[in-house]
Every structure is written in structure tokens, then in C-alpha cells.
Protein chains: 2
Amino acid sequence: MTTDWEKDWYKEHDKMYVATDCIIFGFDKGILKLLVFKRRVAPQKGAYSLIGSFVQLKESVTEAAKRVLTEITGLENVFMEELRTYNLAERDPGYRCISVAQYALISIDAQDKELVESHGAEWHDIRQLPALVLDHNDMVNDALKRLREKASYQPVGFELLPDKFTIPQLQQLYEAIYQKEIDPRNFRKKIMSFDILTRLDEKDKSTSKRGAYLYSFNSRQKLNFNTKFNI
Amino acid sequence: MTTDWEKDWYKEHDKMYVATDCIIFGFDKGILKLLVFKRRVAPQKGAYSLIGSFVQLKESVTEAAKRVLTEITGLENVFMEELRTYNLAERDPGYRCISVAQYALISIDAQDKELVESHGAEWHDIRQLPALVLDHNDMVNDALKRLREKASYQPVGFELLPDKFTIPQLQQLYEAIYQKEIDPRNFRKKIMSFDILTRLDEKDKSTSKRGAYLYSFNSRQKLNFNTKFNI
DNA sequence: TATAATAAATGTATTTTATACATTAATTAT
DNA sequence: ATAATTAATGTATAAAATACATTTATTATA
């Protein structure tokens, strides 16, 4: 395919490390959380960081992120989307390394809790995060911003809930994403208008005597991209 | 900062080439255009590609993109935003190389036309693009999609117009971005409601006897992010 | 077994925004 | 003076967002 001449042309240029870091969101008891881990190896042993990995030559960046995510949470087929690259020449004091940040939404109760703990990973309230290494706090802030933007024009975040959830739980999730209160009548009306939820014949009575109906999420295929979703 | 032990830890991992490719949009005579260039060197000499460069160790990805953009168009301070990475292990048949795609919006009449031509770069109607090398056509399609999304929730694309422009020109731009006709009464009403344009005491009479008032764009600071911009 | 307590569920009126649509105005060329 | 041409404008209707209070189902307990 390429001639030797062409390969030489490539070789004139610089190579660098490419990493990927995962901003992993979860939602538990009304609180939006982030999975961070306490580094057990150098560099920066003992410091908090996002979960990440160097990208290997044989794998795509996406594959690298999924590899590390599965390794730590036991989950596969997780919703994950590229956020952006962090690419300043001096961002990593060790070597030149760019990082492709990706954010993931996972259902906390689907995770392999022991596996997570065995890797030194911890769930932290998004409003009270520790200082993270390098530019990882920037990544988290940018990911949160992206999540809010995305939620403003399409239903989002169902990946953060268990398979069966109640409308009040879904509302709590939106309140956690936006960090503001939402009117329950308007919220329900809006969500229902999208026709993406199926009401089950089951109730969750853990938070009220009356109980709230459980719903499951329909495939999102029918969603019109231009749907306005201002809540 | 880092110990030798830590440096060894880095060195266990793979390095790769990091490139950046620019999806450069322009707007000329009512037509949305893309700047592509005919490669004068291997690999793929003679083929069309986006304008791009390998990222050097001493520069950020953003700097690399601006370097090549200035080199080819003579422009500085161009609007440019990261689109996403293209990172499949097998995307480049030569060597492992990921590309950070960035899209730029430039005012065609501000470019250095001769410089552009001297680099073999050409403006092509976005609706009739030639086949581009590697995954560059994907990049263009994704960038167009992003541009449309962005335009749906905030005024965008003023960078594609000269400093002074008329409302009909601005409408043409939106029609080119969305590839559909827009009602001129509703368009004007909507644009004016944002309070981002200043009417000048000058008219452009190149397209009508009556002439259309020229406007300039106010700083976008006052824009509310949540502004709905469905046209 | 009646009552209190509690969160879930619902409806309506008002305001804002989007959409659809046709005429008049300013200017130049003839 | 008139014809030709694009720019500029307004209004009525439909759809969506917002603000707001009461009833319902259920359990615990008096």
C-alpha cells in the first residue's frame, strides 16, 4: 500500500503517548456521582484520578476506554461518548501525552461492587469531588457541561437508572444533572409527551405508602433529534 | 517531578502519530464551501484531502491546526473547534495514527487567495465534494452535522460572513447550512430578537436596486446559552 | 376500623414562542 | 413617468412552556 519512501515521510514526524480517561457518572439515592480512583502506582501514587489507560497500538481509543471500564466495573455495553481531547504540550509533566476524554453513564446497581472496590475506585458526590491529578478536574467539569447541554435537546441519562424506575426518580436525576428543582407536573407532562416510557404493572413502595409506578425505557429510535427538551 | 521509575512506567507503553485535520468551511455567493487540497506529496499524491498536519512534540493539537491553517490561508484568529478524534487502529494504512479533527469557519474574502492557490487548495461546494483520502469524507459529514446541531441552539456561522453583511445574506447562509428554505419574515424577526446585530448606515446594492442595509455582529457575550434557535 | 400521614398523580389557565402567509417600500433602468 | 426588482414589514393562529393546588392510594397507628 505505502512505499518505503512514504514510510520515511511518516518517520520524519513525532510520536507521542495517547491516553484515554473516563468520566464515569452514576446516580445513587438522588445524587449524581463520579467514579474516581486512588492511584496505587506511580506516578502520583495516592492521588485521586479518573480511570484511564494508555492506548495500545493494536486498539482504537474507544476500545481502550471500554477495556479499562470493563476491567474496573465488570460492565460491558456501557453508554460512552467522546468528550474532547486534552492536548496541551505541557499537560503531563512526564512525557508528551494527549488524552482523549470520554464520558460514560452507568447504572450503579449493575456494577460489580467488589471489583470496583478491589481496584481502589470510589463513587464521589459530583458536588464534592477531591482534587484530581493533571487536568482531570477540567475533564469532569467539561463532561458535566456536556451532559447538561445534551439533556437540553434530547432525553438523556436513562443509562444512569436501573431498568425499572419511577417518574419521581427520573425527575430526581434531572434535578441532579441541572442542579435545580423542577415542577413535578410539568416534568411528568413533558417526559410523557415523548412516548419513550412504558408503565409496568409494578409499584415501588420504598419511598411512599401509595407507591409509584415503575416504568421502563422504550428504544429511543423514534426520538426526533430536534426535540426541544427544556425542563 | 517524575522519578526514573515513573519514566520507565511510561516507556512500557506505545507511542503513535497524532495528526490534526481541518474541516474548513467558507461561504461564497450563497454556497457553503469546503477547502480541500490536492496532495502534492506522497502518500496518495494527487488525491484530495483535508488540510492537516502531524502534531509536533512541542505544540498542542490546537496549535498544530492553527499553524497549518495560517500557512495555507494566511489567516490568524480563526474560529476553530474540535470535532472529535478518528482513532480506529487501522484507519491509516501507513502507520498507527490518530487524527483530531477540527472544524473552522472562515470568511472567504478575508483569505489570502494566492497563498491558498499556491498550496493547491480549492474551494468546493459542500454538496459536490470529491472523494477524499482515508476517513476525511466522514470528518466532513460529521462536521456538517455538528454545524447544524450547533446552529439549532445558538446563532452560529457569523465567522463565515464578511464583517458587514445583509440580513438576506445571513438568511442565505442559514439556508445553506440547513439546506432548506426559510421564511424571510420569520427569519428576520428571530435574528433581530437576539439583539446581536447593529444596523449600519450603509447599504449593499449589489443584488437589488433598493439595496439592503449592512449589519455588523455584536459581541456574542450577551447570548443566553439556552436560547432556542429553531429557524 | 377510622384517622392521620405521606408521597404520587393529575389539570387548567396564562404567557411565550413558532409558524403561516401577502403587501408595501426604495431604488434603478428604461 | 413607469416598470422591474429585491428589501422590509405585520398579524393571526397554533404550539409549547410555565405557573400553580388539589385529589388519590396506601400504610401506620389511635
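Values below: every heavy atom of this structure, side chains too, minus hydrogens, waters and symmetry copies. Convention: sequence-line order gives letters A, B, ...; per-chain numbering from 1.
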| message | Checking side chain to side chain contact (heavy atoms under 4.5 Å, CB included) between D142(B) and each of N137(B), L147(B), L83(B), I23(B), which is the one that passes? | response | L83(B)

| Partner of L35(A) by side chain to side chain contact (heavy atoms under 4.5 Å, CB included), out of I108(A), I24(A), L50(A), L69(A) | I24(A)

Closer than 4.0 Å, any side-chain N/O of [X] to the OP1 or OP2 of [N]?
| X | N | value |
| --- | --- | --- |
| K209(B) | dA4(D) | no |
| T207(B) | dA7(D) | yes |
| R188(B) | dA8(D) | yes |
| K190(A) | dA17(D) | yes |

Starting at [atom1] of [X] and ending at [atom2] of [N], how long is that distance when rounded to a whole Å?
| X | N | atom1 | atom2 | result |
| --- | --- | --- | --- | --- |
| Q171(A) | dA9(C) | CD | P | 11 Å |
| F187(A) | dA19(D) | CZ | P | 16 Å |
| K205(A) | dT24(D) | NZ | C1' | 13 Å |
| M192(B) | dT17(C) | CE | C1' | 18 Å |
| D204(A) | dA8(C) | CG | P | 9 Å |
| L214(A) | dA8(C) | CG | C1' | 13 Å |
| Y213(A) | dT10(C) | OH | C1' | 14 Å |
| I191(B) | dA8(D) | CD1 | C1' | 16 Å |

| task | Could you walk me through whether Y215(B) and T166(B) pass side-chain contact (heavy atoms from CB on, under 4.5 Å), step by step? | result | CA-CA 6 Å; Y215(B) 288 77; T166(B) 67; 5.6 Å; no

| Quick one: CD on E149(B) to CD on Q154(B), what's the gap to the nearest 0.5 Å? | 11.5 Å

| request: Indicate, with a heavy-atom threshold strictly under 4.0 Å, whether K189(B) touches base, sugar-phosphate, or nothing. | output: base

| message | Both G211(A) and P184(A) contact DNA chain D. Taking the nearest nucleotide for each, which residue is further toward the 5' end? | response | P184(A)

| First encountered from the 5' end of DNA chain D, between D183(A) and T166(B) | T166(B)

| For the side chain of R210(B) and the base of dA26(C), is some donor closer than 3.5 Å to an acceptor across the two? | no

| said: Using only modelled atom types and a 3.5 angstrom limit, is any donor from either the side chain of R185(A) or the base of dA19(D) paired with an acceptor on the other? | reply: no

| Taking the side chain of A212(A) as its heavy atoms from C-beta onward, which of dA9(C), dT19(C), dA25(D) lies nearest to it? | dA9(C)

| Does Y48(A) have its ring centroid less than 6.0 Å away from the ring centroid of H124(A)? | yes

